[in-house]
Amino acid sequence: MCSSPRTGRRAGRARSRAALRPVPGAANAAFRSAAQRGRPASDPTAALARSVAAHIAESMVALEVLERHSLLLARWGHDLAHRLSHGARLLVAGNGGSAAEAQHLTAELVGRYDGERAPFSAIALHGDTSAMTAIGNDYGYDEVFARQIRAHAREGDVVVLLSTSGKSPNLLCAAAAAREVGAVSWAMTGPGPNPLSLAVDEAVLLDGRNCHVQESQLVAIHALCACFDACIADAPPPQPRVARTPLGRDSR
């Protein structure tokens with residue numbers, strides 16, 4: 001039964017009072033630890049601050065690993081600029097946080113990264129929820145990206161796959177689909193070698209926990225976009241994509 005407005009307000013005040021009561025746990029443990037070290041008893045966040053510093057330090061270690069891939073990322077940026085300016089398309093896929101990074105990359109290319117330029121064709125494959133759910137329902141979740149790649153990708157297009165584990169079945173199927181249609185496939189993954197890094201043409205392998213891999217992926221995406229913009233600055237506007245005939249061959 002729904003509560004009356006008056007009852008709802010009383011319940012809301014009770015919840016508010018409950019939220020203000022001290023809850024045993026990490027914060028109280030940090031409070032006691034700080035007091036034992038002679039810190040002011042009013043500073044329960046000292047231990048949490050050390051946890052934040054440790055997180056940042058671990059992220060910096062992951063970024064040092066990413067820095068070793070600078071030449072590869074620069075080559076990807078140059079190749080992507082050449083392909084997209086000549087009518088190719090970028091397709092990007094990932095799960096969870098990696099899906100967010102995938103959409104971040106395509107937004108930078110369709111919109112802009114750092115300065116005015118022409119828009120370029122880039123699609124985050126998880127963005128079409130109707131297609132995702134229809135394919136997942138009819139063919140299984142492993143096919144949600146692969147079937148879209150077979151539909152949208154043409155020979156010479158680029159498929160970028162983002163993963164922390166490098167083991168996601170739907171990304172492995174996507175890599176296989178890219179190979180079937182003749183698209184170039186790149187991956188950014190966690191530690192390897194892993195199944196995805198072995199299934200694509202080239203991969204950036206990042207060390208660290210999943211959270212630090214994803215943080216490094218964002219830096220890699222921005223570095224890729226910076227290289228792309230630098231290469232596209234003096235390039236002609238992107239050419240239109242070539243129409244595909246009913247037989248699946250590009251018309252000239």
Side-chain angles (χ1 to χ4, degrees), residues 69 71-94 98-99 101-128 131-132 135 144-163 170-189 196-197 199-204 217 220-252:
H69 296 282
L71 185 60
L72 178 57
L73 287 172
R75 183 155 51 78
W76 283 5
H78 182 273
D79 192 19
L80 190 64
H82 175 77
R83 290 174 182 272
L84 267 59
S85 64
H86 287 79
R89 170 178 288 160
L90 172 66
L91 304 174
V92 194
S98 295
E101 302 296 4
Q103 199 160 359
H104 191 137
L105 173 56
T106 57
E108 301 284 23
L109 296 180
V110 176
R112 65 177 185 178
Y113 172 65
D114 186 22
E116 284 299 328
R117 57 156 166 73
F120 290 86
S121 181
I123 301 173
L125 295 179
H126 71 280
D128 187 344
M132 279 271 294
I135 296 168
V144 293
F145 300 136
R147 191 167 180 84
Q148 292 187 76
I149 289 172
R150 295 188 187 99
H152 297 306
R154 303 178 186 176
E155 184 175 354
D157 284 351
V158 179
V159 174
V160 173
L161 306 173
L162 306 177
S163 174
N170 57 4
L171 296 180
L172 295 175
C173 291
R179 188 165 53 250
E180 288 173 21
V181 301
V184 175
S185 59
W186 303 332
M188 296 184 194
T189 78
L196 183 57
S197 71
V200 296
D201 295 319
E202 292 183 305
V204 169
Q217 284 178 347
I221 285 169
H222 281 167
L224 182 64
C225 289
C227 292
F228 179 90
D229 279 9
C231 294
I232 215 71
D234 299 323
Q239 297 178 6
R241 287 176 65 80
V242 179
R244 178 175 283 170
T245 69
L247 295 178
R249 298 178 179 176
D250 291 341
S251 60
R252 299 298 176 184

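Only this structure's heavy atoms are used, side chains among them; waters, hydrogens and symmetry mates stay out. Along the sequence shown, residues are numbered consecutively beginning with 1.
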Exercise. Say whether, by atom type as modelled, one donor and one acceptor occur between the side chain of R112 and the main chain of A107 under 3.5 angstrom.
Key: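 No; zero donor-acceptor contacts below 3.5 Å.
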Self-check item: Polar side-chain atom of H78 near backbone of A74 as donor-acceptor pair, under 3.5 Å
Solution: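 Not at all, since once roles are kept as given, no pair shorter than 3.5 Å links the two residues.
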List the residues meeting side-chain contact (heavy atoms from CB on, under 4.5 Å) with [X], not counting sequence neighbours, and say none if there are none.
| X | answer |
| --- | --- |
| E101 | H104, L162, Q217, L218, I221 |
| S185 | A178, V200, D201 |
| E180 | R150 |
| A223 | none |

Taking side-chain hydrogen bond (donor to acceptor under 3.5 Å, both in side chains) as the test, write out the residues that go with [X], two or more places apart.
| X | result |
| --- | --- |
| T189 | N194 |
| W76 | E202 |
| R117 | D229 |

Practice problem: Apply side chain to side chain contact (heavy atoms under 4.5 Å, CB included) to the pair L80 and L90, showing each step before the final yes or no. | Solution: CA-CA 8 Å; L80 190 64; L90 172 66; 4.1 Å; yes
Quiz item: Sequence neighbours excluded, which residues qualify as salt bridge (charged side-chain N to carboxylate O under 4.0 Å, His left out) partners of R147?
Solution: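 So R147 forms no salt bridge (charged side-chain N to carboxylate O under 4.0 Å, His left out) with any residue.
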Atom of [X], atom of [Y] and distance for their closest heavy-atom approach:
| X | Y | value |
| --- | --- | --- |
| M132 | V144 | O-CG1, 3.6 Å |
| A199 | R179 | O-NH1, 3.1 Å |
| R83 | G156 | NH1-O, 2.9 Å |
| L72 | A203 | CD2-O, 3.7 Å |
| G94 | A99 | O-CB, 3.2 Å |
| L161 | L171 | CD1-O, 3.5 Å |

Self-check item: I232 and F120: CA distance, side-chain angles, deciding distance, side chain to side chain contact (heavy atoms under 4.5 Å, CB included) verdict
Solution: CA-CA 11 Å; I232 215 71; F120 290 86; 3.4 Å; yes
First locate atom [atom1] of [X], then atom [atom2] of [Y], and finally report the distance between them rounded to the nearest 0.5 Å.
| X | Y | atom1 | atom2 | result |
| --- | --- | --- | --- | --- |
| S98 | M188 | OG | CE | 10.5 Å |
| L125 | H152 | CG | NE2 | 7.0 Å |
| Y113 | L105 | OH | CG | 11.5 Å |

Quiz item: Under a 4.0 Å N-O cut-off, is there an ion pair linking R75 with D79?
Solution: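 Between D79 and R75 there is no salt bridge, as every charged N stays at least 4.0 Å from the carboxylate O atoms.
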Practice problem: From the options D157, L109, V158, select the one residue that forms a side-chain contact (heavy atoms from CB on, under 4.5 Å) with R89. | Solution: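 Filter result, single survivor: D157.
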Practice problem: Check the pair H126, F145 against side chain to side chain contact (heavy atoms under 4.5 Å, CB included), reporting the backbone distance first and the verdict last. | Solution: CA-CA 8 Å; H126 71 280; F145 300 136; 4.1 Å; yes
Quiz item: Where do V204 and L73 land on the side chain to side chain contact (heavy atoms under 4.5 Å, CB included) test, with the steps shown first?
Solution: CA-CA 8 Å; V204 169; L73 287 172; 4.1 Å; yes
Quiz item: Can you tell if the side chain of I135 reaches within under 4.5 Å of the side chain of Q148, non-hydrogen atoms only?
Solution: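 Yes, close enough: below the 4.5 Å cut-off.
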